[in-house]
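Just follow the structure's listing: the first ligand is 1, and inside any ligand the first atom is 1. For this chain, numbers begin at 1 and follow the sequence in order.
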Amino acid sequence: MEVEVRTEWLSELKKTDPEMFDAIKKELDRQRTGLEMIPSENFTSVAVMQASGSVLTNKYSEGYPGKRYYGGNQFIDLVEKAAIERAKRLFGVVHANVQPYSGSPANMAVLLALCKPGDVISGLNLTDGGHLTHGWKTSETGQLFESVPYHVKPDGYIDIDEVRRIAMERKPRVIWVGATAYTREFPFEELGKIADESGAYLVADIAHIAGLIAGGAHKSPSPYVHVITTTTHKTLRGPRGAMIMVTEKGMKKDPELAEKIDKTIFPGLQGGPHDHTTAGIAIALLEASKPEFRQYAQQIVKNARALADELMKNGIKLVTDGTDNHMLLVDLTQFGKGKGVFVQDALDVAGITVNKNTIPNDPASPFYPSGIRMGTPAITTRGMKEAEMRTIGKLIAEVINEVKGYELPGDKEARQEYLKKFKAEVAENKKLIEIRQKVSELCSHFQLYPDINP
Ligand code: DSN
């Protein structure tokens with residue numbers, strides 16, 4: 001990855017606000033010296049960061065290219081038009097809106113554009129790996145609309161028969177396909193047929209796998225679905241933002257679909273777009289169209305598979321016994337229920353950042369789930385390959401074995417005390433500190449932003 005020296009920018013920050021400078025410097029050190037394995041995170045290029053930190057942050061530009069409310073938008077129009085055209089080309093769609101502030105408002109905008117309050121919607125259940133905004137009860141999407149979720153089967157794969165049953169009996173206006181914790185290829189084609197039979201709109205939320213699709217490492221949903229939403233900062237490796245895209249199939253179903261979505265984003269839900277983010281998205285889309293990105297996307301999946309194999313070899317169980325994408329979902333129930341919190345914290349001490357997660361049919365609660373979610377996008381950006389995955393897999397298995405004996409008390413007050421004691425113990429745990437040193441050593445061979453020297 002090519003990088004530029006940015007000491008000037010950082011020295012200005014240091015002078016103006018030493019407190020912020022210090023926090024940013026510490027975060028940079030954390031990212032450099034540890035293994036970032038939250039599957040929804042990544043490291044953008046310096047070019048993306050430069051655009052995100054540029055003068056474009058100074059501008060207001062409500063409206064769309066050529067149709068702005070304020071003056072002075074001739075260059076912003078260039079930026080937004082480029083982002084739109086690049087998104088259309090990369091994902092094979094006929095319309096793209098690049099203004100959503102992030103994934104959750106993008107998903108809400110789609111629902112508001114397609115449904116009336118009270119309409120039935122259906123998405124993968126949250127605790128089966130689905131996303132909050134696909135109709136979970138604590139999200140507005142589950143309160144404004146009648147949510148009838150579908151699930152995964154005991155083997156962890158999406159229950160397509162259940163989707164069909166819900167589609168034919170409950171006639172959802174929107175069916176979501178996409179997830180936040182699902183490790184297998186999405187059945188876009190099968191769900192496309194079901195949506196056609198039942199009359200539903202099929203919306204693919206590809207937030208996690210957008211970069212894999214762009215790089216040819218996952219099937220594209222565009223021939224099968226009507227609408228696609230995505231964040232831009234996960235496998236796509238852009239700045240934090242989102243896009244809504246309409247496919248040819250979507251425009252055939254409703255020729256006004258693109259217009260309805262644009263109007264729902266602005267003026268329906270949002271104000272001025274974040275033009276500095278739009279420029280960062282345009283750059284990420286350009287980067288994702290290059291041959292090197294195809295290699296990157298394939299490597300993410302190869303790395304995830306190598307990591308999965310190593311973990312399983314070391315006795316760690318995975319939901320669906322493997323992965324087709326960038327993500328692994330570790331099932332810790334062989335050691336008891338609600339173990340995710342202990343493993344997440346212990347891995348943190350060891351310098352490996354993951355997140356606790358529910359697993360399908362979790363015997364514990366979403367607050368104290370029985371799984372761990374991890375992924376390879378960020379460590380692949382650093383240049384790590386299968387050999388490093390085998391090392392990391394062994395280290396993760398060692399950490400899990402080190403803390404598998406901790407048991408979460410049933411009583412809520414006792415639980416807090418126990419967790420406090422646990423945290424103090426793992427912070428001093430010799431084995432974890434030793435692993436931390438191995439992790440730092442490994443990271444030192446895969447430099448991150450080497451020319452940024454605060
Ligand atoms: N928070 C994102 C993730 O980690 O998957 C989804 O919103």
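Each of Leu332, Ile372, Val330, Leu329 was scored for a side-chain contact (heavy atoms from CB on, under 4.5 Å) with Ile359, with one residue passing: Leu329.
Ring planes of Tyr418 and Phe342: perpendicular class, angle over 60° (limits at 30 and 60°).
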All N/O donor-acceptor pairs, side-chain side in residues 144-158, below 3.5 Å, sequence neighbours left out:
from   : atom 1 : to     : atom 2 : distance (Å)
Glu146 : OE2    : Arg170 : NH2    : 2.7
Ser147 : OG     : Gly135 : O      : 2.8
Tyr150 : OH     : Trp176 : O      : 2.6
His151 : ND1    : Glu162 : OE1    : 3.2
His151 : ND1    : Glu162 : OE2    : 3.0
Asp155 : OD1    : Tyr157 : N      : 3.0
Tyr157 : OH     : Arg184 : NE     : 3.1

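Under the rule for a side chain to side chain contact (heavy atoms under 4.5 Å, CB included), the partners of Asp29 that lie at least two apart in sequence or sit in another chain are Lys25, Arg32. Scored by the side chain to side chain contact (heavy atoms under 4.5 Å, CB included) test, Pro363 finds Thr333, Lys337, Ser370 as partners (sequence neighbours excluded).
Tyr224 does not carry Lys249 over the face of its six-membered ring by the limits of under 6.0 Å from the centre and within 45° of the normal.
Near ligand 1, Ser40, His131, Thr180, His208, Lys234, Arg373 each place a heavy atom less than 4.0 angstrom from the ligand.
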